[in-house]
Amino acid sequence: MTPKYDKDREIAWLRSITGDLATTVLRRMELTLPWFSDMPPGRRSAVGMVAQSGIAAIVSWFEDDGGAPWVARDVFDTAPRELLRSVSLQQTLQLIHVVVDVFEERVANASPQIREGVLRYSRDMAFAAAEVYARAAEQRGLWDARLEALVVDSILTGEHDSELPSRIAALGWSGHGEVAVLVGTTPKVLEVDQLRRTARHNQTDLLVGVQGNRLVLVIGRAKPSDEFEEPPISFLEVSQLLEGGFGEGRLVLGPEVPNVVKAAMSARAALAAFSVAGAYRRTDRPILADDLLPERALAGDPLARQALVQRVYLPLADHQSDLLTTLWCYLDNGRSLEATARELFVHPNTVRYRLKRISEVIGWDATGAREAVILQSALILGRIADSNSYDGRATPKPTKRSR
């Protein structure tokens, strides 16, 4: 005949063995869990406190007939918050497994109600642990999102301090190579995880910032560890892969800069080009910010004006031959070789040779329609800069003409 289940007697028995169970659990953890033995004394004590609380909570759980799931959740409230950062979810489940194993061994000859209760309690404990870590991960995710928004805003404004590298490192940024900024429109449904996944598969880091209708991506990559390693794909290729994560309309890639600290330079160029991209007839996605230098200069972008003068005007002005004069004449005469040759009193082949030399010096071909616009803008801006520098000098006094 099966003995009658006496709940009060079983609970009293459970209370009497909790101390011995706690000692056995700690000894079992030291033998079976290597990470527990390697912990500093303070953290080992905190983990042991969680284990002891779990054992004590089993009794409370039995007293309430298993109807209080909060008892299992409260076990983890006895541990300090920093324990969540030093003990992983997998290690926590291993801890629960040890506690349940020890408990099952001691109640092997107890009533079926006790054995069944241990199984149900272990299930509640596992779910409680998952909930605690999920809540911590959610809080960390919200903190990371705020920190990422702060970092991207600092890059866009250029108003950052010496703490920027450490803040970026806290977000998991591992690249130490070049950086470029990609600016486009925010889609109706932003799939941030998909953007990060695409960047990660192409060995690049990514910071995401949303500013109203603008979506800003800071893209970084690591330098090859040795000369035999295959070089990473270009920023333009990465941007083309990320293009699907943006909304319709303009998409601009800023110039490449050496590191993330100087990303503000790429961001300023990309934002300036993004604001004037509608003035350019071509609809490439993405388009390079440097392809919009004339439009940016006309809109008042000082970086574009400086780039045009330094890349086009000054190299030709410093050249000893007549390259600058030839380019002026060629553009003023509607890109006509014959008209340019007549004005300069040279053979058309001489003009062709000089145009080839111009292309070698500055990297732009004056015979192309779009490049002619870029070069014409650069010459105008360079002449304006020269005029301003001359205006600042002392003007010589006119001399009297001799009769």
Q.
Assess the residue pair Asp284 and Asp291 against the criterion (side-chain contact (heavy atoms from CB on, under 4.5 Å)); give the C-alpha distance rounded to whole Å, side-chain angles, the decisive distance to 0.1 Å, and a yes or no.
A. CA-CA 11 Å; Asp284 300 346; Asp291 289 343; 5.9 Å; no

Q | Derivation and outcome, side-chain contact (heavy atoms from CB on, under 4.5 Å), residues Leu355 and Leu337 | A | CA-CA 10 Å; Leu355 291 176; Leu337 290 173; 3.8 Å; yes

(Q) Using side-chain contact (heavy atoms from CB on, under 4.5 Å), reason through Val218 and Asp205 one step at a time and then give a plain yes or no. (A) CA-CA 8 Å; Val218 181; Asp205 285 319; over 6 Å; no

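Within the model, atoms CG of Leu190 and NZ of Lys188 stand 14.5 Å from one another, a figure rounded to the nearest 0.5 Å. Note that CZ of Arg354 and OG1 of Thr340 are 10.5 Å apart. Values are rounded to the nearest 0.5 Å. Taking CG from Leu308 and OG from Ser377, the interatomic distance works out to 6.5 Å, rounded to the nearest 0.5 Å. Rounding to the nearest 0.5 angstrom, the gap separating the CG atom in Leu217 from the CZ atom in Phe246 is 3.5 Å. Atom CG of Leu241 is separated from atom CG of Leu195 by 11.5 Å, given to the nearest 0.5 angstrom. A distance of 8.0 Å separates CG in Leu324 from CD1 in Ile358, rounded to the nearest 0.5 Å.
The main-chain N or O of Thr23 is never found under 3.5 Å from a side-chain atom of Asp20 such that the two would form a donor-acceptor pair. Side-chain atoms of Arg285 come within 3.5 Å of backbone N or O of Gly249 as a donor-acceptor pair. Judged by distance alone, the side chain of Thr185 and the main-chain N or O of Asn213 form no donor-acceptor pair under 3.5 Å. Panel note: side chain Arg296, backbone Ala289; a donor-acceptor pair is recorded below 3.5 Å.
Side-chain contact check for Leu251 versus Ile287: every heavy-atom pair is 4.5 Å or farther apart. Looking at Arg305 and Asp301, their side chains never come closer than 4.5 Å, going by heavy atoms from C-beta outward. In this structure, the side chains of Gln376 and Asp332 come closer than 4.5 Å at one or more pairs of heavy atoms.
Here the shortest heavy-atom pairing between Val25 and Val98 reads O-CG1, 4.1 Å. Nearest heavy atoms, Arg335 versus Ala369: NH1-N, 3.5 Å. Heavy-atom minimum distance, Ala366 versus Ala372: O-CB, 3.9 Å. Val179 approaches Ala263 most closely through the heavy-atom pair CG1-CB, 3.9 Å. Across all non-hydrogen atoms, the minimal contact from Ala269 to Pro255 is CB-CD, 3.5 Å. In this structure, Ala339 and Ser336 approach most closely via the heavy-atom pair N-OG, 3.3 Å.
Salt bridge present: Glu295 and Arg370 bring a charged side-chain N and a carboxylate O closer than 4.0 Å. Classification of Glu256 and Arg221 as a salt-bridged pair holds, one side-chain N sitting under 4.0 Å from a carboxylate O.
Side-chain polar atoms of Asp386 and Tyr313 form a donor-acceptor pair below 3.5 angstrom. Of the N and O atoms on the side chains of Asn202 and Thr204, not one donor lies less than 3.5 Å from an acceptor on the other residue.
Within a 6.0 Å sphere centred on CE of Met265, heavy atoms belonging to other residues, nucleotides or ligands number 12 at most. At most 12 non-hydrogen atoms from other residues, nucleotides or ligands lie less than 6.0 angstrom from CD of Glu248.
Between Ser266 and the choices Leu271, Leu253, Val181, the side-chain contact (heavy atoms from CB on, under 4.5 Å) rule is met once, by Val181. Of the candidates Thr350, Leu344, Leu331, Leu344 is the only one forming a side-chain contact (heavy atoms from CB on, under 4.5 Å) with Thr326. If you run side-chain contact (heavy atoms from CB on, under 4.5 Å) between Gln240 and each of Leu242, Val238, Leu236, only Leu236 comes through.
Scanning for side chain to side chain contact (heavy atoms under 4.5 Å, CB included) contacts around Val361 gives Pro315, Leu316, His319, Leu323, Arg357, with sequence neighbours left out. Under the salt bridge (charged side-chain N to carboxylate O under 4.0 Å, His left out) criterion, Asp153 pairs with no residue, sequence neighbours left out. Every residue meeting the side chain to side chain donor-acceptor pair (under 3.5 Å) condition with Arg197, not counting sequence neighbours, appears here in chain and number order: Gln194.
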